[in-house]
There are 2 protein chains.
Amino acid sequence: MPDVKHFDPDAALDTVVRLFWHQGVATTGIQDIVTATGLNRSSLYATFGGKQELYLAALERYREQWSRPAFRGLAEDRRGLPAVAEFFDALITVRCSGAYARWGCLVSNAQAGAENGDPDVRAFLDRHHEELREALHAVLLVAEAEGQLAPATDPATAADLLALLTYGVNLRSRAGAEAGSLSATVVAALGSLGGRPAE
Amino acid sequence: MPDVKHFDPDAALDTVVRLFWHQGVATTGIQDIVTATGLNRSSLYATFGGKQELYLAALERYREQWSRPAFRGLAEDRRGLPAVAEFFDALITVRCSGAYARWGCLVSNAQAGAENGDPDVRAFLDRHHEELREALHAVLLVAEAEGQLAPATDPATAADLLALLTYGVNLRSRAGAEAGSLSATVVAALGSLGGRPAE
DNA sequence: GTTATCTTGGAACGGTCGTTTCAAGAAGCT
DNA sequence: AGCTTCTTGAAACGACCGTTCCAAGATAAC
């Protein structure tokens, strides 16, 4: 008996993700979202609820679409350090070139903004950080088993270090850092974990 | 002949710095500033200009009061790696405890926000990053001369790495990271530059 | 004490914020 | 077709945004 939605909620949410990602939450108005998605205020509120719920939905979608695939590819790769190098290469490529160049990372941006005051957002950030750490830890355990790590390198601590390095890349890329400079830094970091320079 | 200001502009600016630092630019209204500083809208605009100029003034003041002293202390320290360790210790202490706990860094927060779209802000961020890098580079050159670095460690690249690590600490501390965890990560990073674990 | 100049208080500006409301429209089921 | 139920369009809500304006107040020079 009911009517059915005249738009695709997932496609709309993708647009919302891009807005929040590029412009930030605080500086993106409902009007911006209405204009960008083409759908009406009523439909927006009926489908997603208010702005805060919309932002949380955007965070979830970003994680499903961007973070989780990258984390999974990392954790399942059996090559060890080369997998980490590839992870950072892909990261830097996305952050510095293409459609999302200089957008940084929606999640990293959230850590720096006022939005992290919300308990739900904070919980999301904690979990996201944990997932990044775990993926890095998993691949570093492989690296250790393969004898790729310097004897003094602890995989768990190294995972923490690379996680912080990831945030640094996300932040600096948004402010305009060059891909080459970021790459060189990452290569050096991986080299120092291995006990030798570049790999 | 003129009247004279009935308040201390520097003290007012300090209050403004704290507001922007803690709450973010976009979520801090002029009314918040009026309330927190106790001075009038007219005085505010007559002294500092609009919000954007006020934000730039706050950035400058933050740099003078926080960044530059830390950078100078770092660059002038002749001990090498221990100076770097002390720099990060002090950083983590400020970020995780005391009056500014979980506020992150005003400058790091700016890199993640929409405010970095402004050319003046962007220029400030670039320069700030350069000053951080130079300070780290200077002390790492000392460390190299003192034989504290592993042969494969290049001081300039290591400075880049530590700068990114600084951003990571700033970001994660704002989202609630523990001081102990951040410290352990930093110690491990410095250890890997030296070729041995924690020094 | 008078005058000139700047500062202060406070109201007011148009615009935008996130959100709500409600009538009109569209789709599915009998 | 008719009825029900949800969706859509569009106007409107009060609150707040950054900013401006002007009269009243305060200070220093004469």
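Numbered from 1 within each chain, the chains take letters A, B, ... in sequence-line order.
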Discussion item. When you compare the side chains of B:Q23 and B:R18, does any donor N or O come within less than 3.5 Å of an acceptor on the partner?
Written reply: no

Discussion item. Strictly distance-based, threshold 3.5 Å: is any side-chain N or O of A:T185 a donor or acceptor partner for the main-chain N or O of A:S181?
Written reply: yes

Worksheet item: How many Å lie between CG on B:N40 and P on D:dG18, as a whole number?
Response: 15 Å

Worksheet item: Nearest-Å distance, NE2 (A:H6) to C1' (C:dG25)?
Response: 8 Å

Discussion item. I need the CZ-P distance between A:R41 and D:dA12, as an integer number of Å.
Written reply: 14 Å

Worksheet item: Is B:D32 reaching over with its side chain to a backbone N or O of B:T28, donor-acceptor style, under 3.5 angstrom?
Response: no

Response to the item:
Between its two end axes (five pairs each) the helix from C:dG1-D:dC30 to C:dT30-D:dA1 turns, nearest 10 degrees, through 10°

Discussion item. What is the separation between atom CZ on A:F48 and atom P on D:dT7, rounded to the nearest whole Å?
Written reply: 12 Å

Practice prompt. Would you kindly give the CG-to-P distance between B:L39 and C:dG9, to the nearest whole Å?
Written response: 9 Å

Item to complete: Give the ring-plane orientation class for A:W103 versus A:W21, where under 30° counts as parallel, over 60° as perpendicular and anything between as tilted.
Response: perpendicular

Worksheet entry | Any residue of residues 49-59 of chain A with a heavy atom less than 4.0 Å from an atom of DNA chain C | A:G50, A:K51

Worksheet item: For B:Q31, does the CD atom have more than 12 heavy-atom neighbours from other residues, nucleotides or ligands under 6.0 Å away?
Response: yes

Discussion item. Check whether A:R68 reaches the backbone of A:R63 with its side chain - one donor and one acceptor, N or O, closer than 3.5 Å.
Written reply: no

Worksheet item: Counting side-chain heavy atoms from CB outward, which of D:dT20, C:dT7, D:dT8 is closest to B:Y45?
Response: D:dT20

Practice prompt. Assess whether atom CD of B:Q65 is packed by more than 12 heavy atoms of other residues, nucleotides or ligands within 6.0 Å.
Written response: yes

Worksheet item: Listed in order of residue number, which residues of residues 8-31 of chain B have a non-hydrogen atom at under 4.0 Å from DNA chain D?
Response: B:T28, B:G29, B:I30, B:Q31

Worksheet item: Please walk me through it: do B:H128 and B:F71 pass ring-ring contact (aromatic ring centres under 6.0 Å, His included)?
Response: CA-CA 10 Å; B:H128 191 276; B:F71 296 170; 5.4 Å; yes

Worksheet item: Angle class for the A:W66/A:Y100 ring planes (parallel below 30°, perpendicular above 60°, tilted otherwise)?
Response: perpendicular

Worksheet item: Starting at NZ of A:K5 and ending at C1' of D:dC6, how long is that distance when rounded to a whole Å?
Response: 8 Å

Discussion item. Between B:E86 and B:R79, does any side-chain N to carboxylate O distance fall below 4.0 Å?
Written reply: yes

Worksheet item: When the distance from CG of A:D3 to P of C:dA24 is rounded to whole Å, what number comes out?
Response: 17 Å

Item to complete: May I ask you to say whether A:E130 pairs ionically with A:R133, meaning some side-chain N is under 4.0 Å from a carboxylate O?
Response: yes

Response to the item:
Closest to the 5' end of DNA chain C, once B:F7 and A:S42 are matched to their nearest nucleotides, is B:F7

